[in-house]
Amino acid sequence: MANGKDLQPAAVQELLDQIVARTVAGTGAHAGAFFLLEPGGGVLVLDASLGMPTGFVGLLRRLQVAAAADGPLAEAILQRHLVWVASGEEFARRYPQLALTFPFVGAVAATPIVAGSRVWGAMLLLFSQKSSALDARARGRFTTAARCIAVLLQDAAAAGNCLQAGLTARLLPPTPARPSAPAAPQAAADFIAALPEGACRLDVRGQVTFADHAAADLLGESIPHLLGARVWEAVPWLAPAPYRLRYKAALASQLPTSYTVKQPRTGRELLLQLYPDRTGVSLRISAPAGAPDSRDELALGTVAAPGPVSLDAHYHMMQLSGGLTAAASVDEVVDLVARHLLVSLNARAFALLVAEAGRVRVVGHHGFSPELVDLVDHAPLASDLPLPGLTTGAPSWGLPQGVPSFFADRDELRAAYPESASIDDDMGTWAWLSLMASSQYLGVCVVGYRQPRSFTLQERATLTAISALISQAVDRARQYDAKHQLAEGLQAGLLPRTLPTMHGLDVAARYLPASHGMEVGGDFYDLIRLSDTEAAAVIGDVQGHGVSAASLMGEVRTAVRAYAVVGATAGEVLARTNHLFNDLDPGLLASCLYAHIDSFHRSGQLATAGHCPPLLRHPDLHTDILAAPPGPLLGVDPTAEYPTTDIPLRPGALLALYTDGLIETPGTDFETALTDLAAVLSRTTGSLDDIADTLLAHAQPSGDRADDTALLLLKVC
């Protein structure tokens, strides 16, 4: 393989395409794709695909990489290993949200493109529903291809030829299968001509590459008209989404299927049988006497009546609907609408406008100019801005609550609202959709289209139904955001605003709430100044979440601080706090670790109430897991005693105190997670803030946190 440093971007691109094509052919996959990771690591962009149905290519163009549940590609990148999904059933079980959009996917393999510490992108392979497990040879070929691509991209970037995804993904030509015997063109043509059935061949784009006279006659079109055109464009009555769905499902699943249609010119019923392979679909057309035969291996149900909604739009609607039910914040709602609504409706822009405290607030937008957004955002409701349904001071702008408005062009908008002439949003058509929830009027969702267009009855019904989904999601998300802000404010009030500055001691602290849920947690930390050279560090975790846990956490922190400043030893502080804790009878338990640090005498004293063992990194960077003898959790035994342990703290020593959110990882046992954390601390240098960030990134590489996390670092100078 050529060195990427010696190649221009076009040559690098050509080499990548060759690797992808050979990998698809060499692993037995029927389709494959190569994705580049955008700067920032949050989005995968489809750069090239082979054997993918064209409708699916659009759906794969941009994919989020937020959590492993987003799909095999996201999981491969976040976990940095090959992901194998052995069947369509397993795909639906592991990625239920994604399965709504890709219901016909069979086996899937995904691997990250990694060179050194950088992830450049990922590769995806699709296999038939009937594929066996990915054997060692195919797995090795796949991972080797990924390594080659990573080296190529890294070398090219080092030479200033960094590859970037184009505006549209490239569709690679399939690698032709090697014929097993010399072809006999005339004999084959004679054989086909003698059959009473029609035969067509379609490539992965749906273009007709071959059609015989019988097929042309049955379809009612000429052979020249068919060749080179997409079959649903050359034969318009095959264009409705249910019919195209059969073709794309056959390609995606690599299983044969069949369905019946009625030829509109002759009224004749035709049986269409589709036999896919990785280069396209062979289409067999006949006029059966009865119902379709039993070879319909892909049970899709009865073909629905034709409608104007495209297959891609249908899938995006399903994805949007499923996503909105799980959206927990307004930002998530906006992101979902931007990703799916605009694509499904072929729209240009949207904005979510709500009424708050007598003003208009733009809670989310995409595609509208920043100048227009700034003009509308926080404008008084009584202004003359063109805000149907929101401007209470101008009756001519009143929009009946719950009733949408559709404007086919700018003239219609001006006729209804003359004030709109003052705003230029570069749109030709608008839909103003009222947002209602629990009989309360929330605001409007504005959808803008670049070109003037009319809205059919079905499109209006679809937009109205979508606005109802968005309304519920926005209402729920705003309530979530309000409660989450309240919880964060309460949490911040219970934790120290700043840590005291101590002579001979550097400190850094972090607190991160759980990613899911909006209740305040019970994790806490504190640093108490006892003298110019002495300090007490404390960290703990009250059982559960909510106001009760937060209130108890504040009482524990106050009690520890009170007993510490009167000169009690580490064990006495925990014993007295435990006695008070039991007197309160909260019905909850708490873990706590207390450390007395003397920076002048370079020594420390530890006592723990069932808390995670602290880590001590020595000046030579070797890290020990301190096994201090534990006492019981606070709240178990009012008479419990807490033994103390002395530790040396030489200049340069680093003490790390943390809660279990830092080491709890699904699928990893406690001891392994703790050992891994100690290893990361041993090899991490820099400021305390850098070390704290590195430890958090190691514990939650995807940013997803199942529990609250508190971290307190103390370094003896």
Side-chain angles (χ1 to χ4, degrees), residues 38 42-43 61-62 64 167 313 316-317 320 323-324 327 329-356 359-391 394 397 399 404-435 441-455 459-460 462-464 466-467 469-471 473-474 477-478 481:
E38 284 190 347
V43 176
R61 178 57 179 163
R62 292 175 61 84
Q64 295 288 328
L167 296 177
H316 276 286
M317 295 292 192
L320 175 62
L324 287 176
S329 67
V330 173
D331 288 342
E332 289 183 22
V333 173
V334 172
D335 178 65
L336 283 166
V337 174
R339 279 192 286 153
H340 300 294
L341 180 67
L342 297 184
V343 174
S344 64
L345 299 178
N346 197 26
R348 176 72 178 182
F350 89 96
L352 294 179
L353 283 64
V354 300
E356 282 189 0
R359 291 183 176 272
V360 177
R361 182 180 169 220
V362 180
V363 297
H365 65 92
H366 183 88
F368 287 112
S369 68
E371 293 78 13
L372 178 61
V373 173
D374 290 341
L375 177 64
V376 174
D377 197 23
H378 293 97
L381 285 176
S383 71
D384 292 331
L385 288 175
L387 303 173
L390 288 177
T391 305
W397 281 102
L399 182 67
S405 288
F406 301 93
F407 306 100
D409 53 40
R410 187 169 288 277
D411 290 338
E412 284 192 12
L413 181 65
R414 286 172 181 157
Y417 303 108
E419 294 86 347
S420 65
S422 63
I423 288 185
D424 181 12
D425 59 3
D426 198 27
M427 297 295 151
T429 307
W430 300 263
W432 290 79
L433 309 173
S434 297
L435 301 180
Y441 187 64
L442 303 179
V444 292
C445 175
V446 183
V447 181
Y449 298 80
R450 178 68 74 187
Q451 301 297 331
R453 62 194 297 270
S454 60
F455 292 93
E459 287 174 326
R460 295 180 184 224
T462 300
L463 284 166
T464 303
I466 290 175
S467 69
L469 292 174
I470 295 175
S471 299
V474 168
R478 292 178 72 192
D481 286 344

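Residue numbers run from 1 in the order of the sequence given.
Across V334 and H365, no two heavy atoms sit closer than the pair CG1-N, 4.2 Å. Summarising the geometry of L463 relative to A431, their closest heavy-atom pair is CD1-CB, 4.1 Å, with the distance given to 0.1 Å. In terms of heavy atoms, G448 sits closest to M427 at C-SD, 3.9 Å. Of all the heavy atoms in E412 and F406, the pair that sits closest is OE1-O, 3.8 Å.
Looking at heavy atoms from C-beta onward, F407 lies in side-chain contact with W432 at the 4.5 angstrom threshold. Put simply, the side chain of R410 reaches to within 4.5 Å of the side chain of W430, judged on heavy atoms. Counting heavy atoms from C-beta outward, D377 and R361 have side chains that approach closer than 4.5 Å. At a threshold of 4.5 Å between non-hydrogen side-chain atoms, the residues I470 and L435 count as touching. Contact check for V337 versus F350: side-chain heavy atoms found under the 4.5 Å cut-off. The shortest side-chain heavy-atom distance between V446 and V444 falls under the 4.5 Å cut-off. Inter-residue side-chain proximity for F368 and V362 is flagged as unmet; no heavy-atom pair is nearer than 4.5 Å.
Distance alone, capped at 3.5 Å, is enough to place a donor-acceptor pair between the T429 side chain and the Q451 backbone.
Scored by the ring-ring contact (aromatic ring centres under 6.0 Å, His included) test, Y449 finds F455 as partners (sequence neighbours excluded).
Note that CG of L352 and OG of S471 are 9.5 Å apart. Values are rounded to the nearest 0.5 Å.
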